[in-house]
Amino acid sequence: MTAKTHRIEVRPDASTKELIMRAALAMGESISSFVLRAARAEAGRVLARPDVTPMPADQFDDLVDSLDEPDEAPRLREAARRPRAYHESA
């Protein structure tokens with residue numbers, strides 16, 4: 001087991017502290033263990049979201065800028081020139 005050498009402090013209001021204390025007690029955990037486990041689980045859920053791609057702001061800016069620069073896309077051009085496989089009937 002890795003030594004725990006870092007500290008994260010939180011300052012909950014009274015009702016949140018009471019809620020966390022009761023939940024930790026119900027789980028048979030210390031408050032610290034309960035909060036750390038819950039925060040880790042939530043962090044995993046957030047980072048696993050398929051609709052979010054976390055990246056630094058400068059990388060995002062580069063991505064958006066690259067969308068304004070057309071490339072040759074020869075395969076896409078070929079596909080656009082082929083006859084349609086489906087024609088909507090009017």
Q: List in chain and number order the residues that pass side chain to side chain contact (heavy atoms under 4.5 Å, CB included) with Pro56, two or more places apart in sequence or in another chain; answer none if no residue qualifies.
A: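 Pro56 satisfies side chain to side chain contact (heavy atoms under 4.5 Å, CB included) with Asp58, Gln59 only.
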Q: Restricting to salt bridge (Lys or Arg N to Asp or Glu O under 4.0 Å), what partner residues turn up for Arg82, sequence neighbours left out?
A: none
Q: Taking atom CD1 of Ile8 as the centre, does the number of heavy atoms from other residues, nucleotides or ligands within less than 6.0 Å exceed 12?
A: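 At most 12 heavy atoms, drawn from other residues, nucleotides or ligands, come within 6.0 Å of this atom.
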Q: So, using side chain to side chain contact (heavy atoms under 4.5 Å, CB included) as the criterion, who are the partners of Asp13 when residues are at least two apart?
A: Ser15, Thr16
Q: Assigning hydrophobic clusters by single linkage (Ile, Leu, Val, Met, Phe, Trp, Tyr; side-chain heavy-atom cutoff under 4.5 Å), is Met55 placed with Val64?
A: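 Met55 clusters together with Val64.
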Q: Might you point out which heavy atoms bring Arg77 and Glu72 nearest each other, and give the distance in Å?
A: NH2-O, 2.8 Å
Q: Quick check on Arg40: does its CZ atom have over 12 non-hydrogen neighbours (other residues, nucleotides or ligands) under 6.0 Å away?
A: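 No - once you tally the heavy atoms of other residues, nucleotides and ligands closer than 6.0 Å, there are 12 at most.
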Q: Check this for me: does any side-chain nitrogen of one of Arg45 and Glu42 sit under 4.0 Å from a carboxylate oxygen of the other?
A: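 So Arg45 pairs with Glu42 through a salt bridge.
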Q: How long is the gap from CZ on Arg75 to CD on Glu78, to the nearest 0.5 Å?
A: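 Between Arg75 CZ and Glu78 CD, I get 8.0 Å after rounding to 0.5 Å.
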Q: Kindly compute the distance separating CD1 (Ile31) from CG (Leu36), expressed to the nearest 0.5 Å.
A: 13.5 Å
Q: Same cluster or not: are Ile20 and Met27 linked, directly or through other Ile, Leu, Val, Met, Phe, Trp or Tyr residues, by side-chain heavy atoms under 4.5 angstrom apart?
A: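 Same hydrophobic cluster.
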Q: Are Phe34 and Leu19 co-members of a hydrophobic cluster defined by side-chain heavy atoms under 4.5 Å apart?
A: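 Different clusters.
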Q: Taking all atoms of both residues into account, what is the closest heavy-atom pair of Ser30 and Ala24, and its distance?
A: O-CB, 3.9 Å
